[in-house]
Amino acid sequence: GKVMTTIYKITFDNYQGENFIELYHKEENARARYQELMEEGKKHQEFDDEEEFSFSFFDPRYNEYSTYIYFKECDLDSLFYD
């Protein structure tokens with residue numbers, strides 16, 4: 001059978017006007033990065049971490065939209081279409 005490989009994904013929406021993801025093999029690295037991003041986010045306007053594993057903020061120096069950042073555990077295969 002297939003071996004499931006768990007990876008950790010941080011998704012940035014509207015970050016500096018772009019959307020992109022960061023992928024991590026190690027959960028502790030992903031969680032540390034997410035925490036670092038959240039601490040940075042707290043310095044900006046309209047910071048909101050009401051949702052578990054996601055937060056948002058607004059910083060007009062980045063762009064005119066709010067930035068949303070999500071943390072998700074997923075299976076490596078779920079990132080591929082084939």
Side-chain angles (χ1 to χ4, degrees):
K2 281 170 108 174
V3 176
M4 295 294 215
T5 303
T6 301
I7 58 165
Y8 303 90
K9 178 167 75 168
I10 297 175
T11 305
F12 299 76
D13 286 340
N14 295 324
Y15 194 77
Q16 297 178 323
E18 300 172 358
N19 298 342
F20 61 93
I21 61 173
E22 292 179 357
L23 301 174
Y24 295 85
H25 286 291
K26 296 189 169 116
E27 183 176 5
E28 61 270 22
N29 293 348
R31 289 192 182 277
R33 172 69 169 143
Y34 181 75
Q35 201 57 45
E36 177 186 303
L37 291 165
M38 188 183 288
E39 292 306 314
E40 178 62 30
K42 287 177 182 175
K43 299 174 187 170
H44 303 305
Q45 300 169 44
E46 300 173 27
F47 177 79
D48 178 13
D49 65 346
E50 299 266 320
E51 298 289 319
E52 193 176 13
F53 304 120
S54 73
F55 65 92
S56 62
F57 62 84
F58 177 71
D59 184 343
R61 292 173 306 168
Y62 288 148
N63 62 11
E64 66 212 80
Y65 305 106
S66 290
T67 293
Y68 294 86
I69 297 180
Y70 307 92
F71 177 89
K72 188 177 177 199
E73 182 178 311
C74 56
D75 184 271
L76 183 61
D77 287 342
S78 71
L79 297 175
F80 299 95
Y81 289 112
D82 60 350

* **Qualifying salt bridge (charged side-chain N to carboxylate O under 4.0 Å, His left out) pairs, either residue in residues 51-63, two or more places apart** =>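 Qualifying pairs, neighbours excluded: D59-R61.
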* Asked: Which residue pairs pass the salt bridge (charged side-chain N to carboxylate O under 4.0 Å, His left out) test with at least one member in residues 62-82, sequence neighbours excluded?
  ->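 Qualifying pairs, neighbours excluded: K2-D77.
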* salt bridge (Lys or Arg N to Asp or Glu O under 4.0 Å) partners of E36, counting only residues at least two apart ->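 With neighbours one apart ignored, the set is R33.
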* Kindly write out the residues that satisfy salt bridge (Lys or Arg N to Asp or Glu O under 4.0 Å) with E50, not counting sequence neighbours, or none if the list is empty. =>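 Scan of E50 (salt bridge (Lys or Arg N to Asp or Glu O under 4.0 Å), adjacent residues dropped) gives none.
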side-chain hydrogen bond (donor to acceptor under 3.5 Å, both in side chains) against [X], all qualifying residues, sequence neighbours excluded:
X	answer
Y34	none
K42	E39
K26	none

* Taking only residues two or more places apart in sequence, or in another chain, which ones meet L23 in a side-chain contact (heavy atoms from CB on, under 4.5 Å)? ->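 Testing L23 for side-chain contact (heavy atoms from CB on, under 4.5 Å), a comparison that skips the adjacent residues, returns I7, K9, I21, L79.
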* **Side-chain donor/acceptor of N14 to backbone N/O of N63, under 3.5 Å** =>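 No: the side chain of N14 does not pair with the backbone of N63.
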* To do: Sequence neighbours left out, what passes ring pair (Phe, Tyr, Trp, His ring centres under 6.0 Å) with H44? Give chain and number order.
  =>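 H44: ring pair (Phe, Tyr, Trp, His ring centres under 6.0 Å) contacts with F57, Y62.
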* Asked: With sequence neighbours left out, what residues match Y65 under ring pair (Phe, Tyr, Trp, His ring centres under 6.0 Å)?
  ->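 Expected list: none.
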* Does one hydrophobic cluster hold both L76 and F20, with members joined at side-chain heavy-atom distances below 4.5 Å? ->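 Unlinked, L76 and F20 end up in two clusters.
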* In terms of hydrophobic clustering (I, L, V, M, F, W, Y; side-chain heavy atoms under 4.5 Å; direct or indirect links), are I69 and Y24 co-clustered? ->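 Looking at the clustering, Y24 is in the same group as I69.
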* **Shortest non-hydrogen contact between A30 and Y8, atoms and distance** =>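 Answer, listing the atom of A30 first, then Y8: CB-CB, 3.4 Å.
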* Asked: Looking only at heavy atoms, which two atoms of Y15 and T67 are closest? And how far apart?
  ->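 Where Y15 meets T67 most closely, the heavy atoms are CD1-CG2, 3.6 Å.
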* Does a side-chain heavy-atom distance below 4.5 Å link F12 with L37? ->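 With C-beta onward as the side chain, the pair touches.
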* To do: Please go through Y70's hydrophobic cluster and name the other residues, only I, L, V, M, F, W, Y counting, with side-chain heavy atoms under 4.5 Å joining them.
  =>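 Members alongside Y70: Y68.
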* **Between CE on residue M38 and CZ on residue F53, distance to nearest 0.5 Å** =>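 One gets 9.5 Å once the value is rounded to the nearest 0.5 Å.
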